[in-house]
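Keep in mind that the numbers below use all heavy atoms, side chains included, and drop hydrogens, waters and symmetry copies.
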Amino acid sequence: MSYERIRAESSAAVAVITLNRPEKRNALDATTVRELKEALCAAQENADIRVILLRGEGKDFCAGADLAQLERIAAGASPLENLEDAMAIGNLFIEMRRSDKPIIAAVQGNAIAGGAGLATACDIVLAAESAVFGYPEVHLGFVPAMVMALLRRSVGEKRAFDLVVRGDLISAAEAFDLGIVTRVVADAALAEAAHDYAAAIAARPSSAVRLTKRLLYGIDGLSFEEAIARGAEVNALARFTDECRDGVRRFLDKQRDR
């Protein structure tokens, strides 16, 4: 498929989706959000794809909402228009959560407001040392509303509240300490590190990786007992996969050869 705002490529079981508006700091507008969802759905449906890598072209990962989107708010869009606009990115986050393929963000430069939300919606976040994150919407009298469902799960209620009501920008190191970022790497190494990380996960047994993601998010909100029961079901299901049976056989063969 051809896109206006993004690029979508694939190599060795990894789909690479690139925000491709460097002149706009990869800002999010309605077209970008729609194309991101379309590309994610296409990667999800492609049986050859095992991992999705999300990145930004140029200096920044994503600097948040496009100015045209903000101008619509200032001009007084109708309640229904505002709700539809908000739910567009909300539905993108839902699609990312529902996908059973790992989604990795490679973040350089700024990941601000909606850009920080987009990174937070990914399962894994690799960040360059100089990357900057922030949810500064409060300074505009705005609320980072959809990302709240993700942020409070990543950092806990009190830290999430502090991040959004202060609206301060934080470094990659601070984001790592809070649990927003998975790994921090040298700026010059980000592209290679993201590729290697995605390739390493793609090399793992696909059924195990996909079941793991489903279980991780599937137990959200369950009681301890319910989570254990769900885990037992997934454990039993995994045993029926060819990848699990082959892996166990290889392990047992190695033990016998010792």
Kindly list each side-chain donor-acceptor pair under 3.5 angstrom involving residues 156-166, sequence neighbours excluded, with atom names and distances?
unit_1	atom_1	unit_2	atom_2	d
E157	OE2	R152	NH2	2.6
R166	NE	D168	OD2	3.1
R166	NH2	D168	OD2	2.8

Original post:
Distance from I17 atom CD1 to I104 atom CD1, nearest 0.5 Å?
Top reply: 12.0 Å
Subject >> Considering all heavy atoms, the nearest V51-A202 contact >> reply: CG2-N, 3.6 Å
Original post:
Going through the distances and angles, do L28 and L36 end up as a side-chain contact (heavy atoms from CB on, under 4.5 Å)?
Top reply: CA-CA 10 Å; L28 298 172; L36 280 172; 4.2 Å; yes
**OP:** May I ask you to decide if N20's main-chain N or O and T18's side chain share a donor-acceptor pair within less than 3.5 Å?
**Re:** no
Subject >> Q44-S99 side chain donor-acceptor pair, cut-off 3.5 Å >> reply: yes
Subject >> Residues in side chain to side chain donor-acceptor pair (under 3.5 Å) contact with R98, at least two apart in sequence or another chain >> reply: none
Original post:
More than 12 heavy atoms of other residues, nucleotides or ligands under 6.0 Å from CD of E9: is that the case?
Top reply: yes
**OP:** Provide the closest heavy-atom pair for Y135 versus G117 in the form atom of the first, atom of the second, distance.
**Re:** CE2-N, 4.2 Å
**OP:** Please report the shortest heavy-atom distance between Y3 and A39, naming the atom on each side.
**Re:** OH-CA, 3.6 Å
Subject >> Distance-only side-chain donor-acceptor flag, Y197 / T182, under 3.5 Å >> reply: no
**OP:** Could you check if a side-chain atom of R230 sits within less than 4.5 angstrom of a side-chain atom of L215, using non-hydrogen atoms only?
**Re:** yes
Original post:
R55 and side-chain contact (heavy atoms from CB on, under 4.5 Å): which partner among L19, V16, N26?
Top reply: V16
Original post:
Is the backbone of A42 close enough, under 3.5 Å, to the side chain of N46 for a donor and an acceptor to pair up by distance?
Top reply: no
Original post:
Among K213, R50, R214, which residue meets the salt bridge (Lys or Arg N to Asp or Glu O under 4.0 Å) test with D100?
Top reply: R214
**OP:** Taking all heavy atoms of A121 and all of F93, pick out the closest pair and write down the distance.
**Re:** CB-CD2, 3.6 Å
**OP:** Report yes or no: do E35 and T32 form a side-chain donor-acceptor pair below 3.5 Å?
**Re:** no
Subject >> Nearest-0.5 Å distance that lies between atom SG in C62 and atom CZ in R25 >> reply: 9.5 Å
**OP:** With the side chain counted from C-beta on, respond yes when N91 and V33 share a heavy-atom pair under 4.5 Å apart, and no when they do not.
**Re:** no
Original post:
Is the CZ atom of F176 crowded by more than 12 outside heavy atoms at less than 6.0 Å?
Top reply: no
Subject >> S171 backbone acceptor or donor facing E174 side chain under 3.5 Å >> reply: yes
**OP:** Of all the heavy-atom pairs spanning V181 and F133, show the shortest one and how long it is.
**Re:** CG2-CZ, 3.5 Å
Original post:
Is a side-chain donor or acceptor of D187 paired with a backbone partner of A128 at a separation under 3.5 angstrom?
Top reply: no
Original post:
Taking D29 as the fixed residue, which of R5, K24, R34 is the one that meets the salt bridge (Lys or Arg N to Asp or Glu O under 4.0 Å) rule?
Top reply: R5
Which donor-acceptor pairs under 3.5 Å do side chains of residues 106-115 form with protein atoms, sequence neighbours excluded?
unit_1	atom_1	unit_2	atom_2	d
Q108	NE2	G56	O	2.8
Q108	NE2	G58	O	3.0
Q108	NE2	D60	O	3.2
N110	ND2	D60	OD1	3.0

Subject >> Nearest heavy atoms of A43 and A15, plus distance in Å >> reply: CB-CB, 4.0 Å
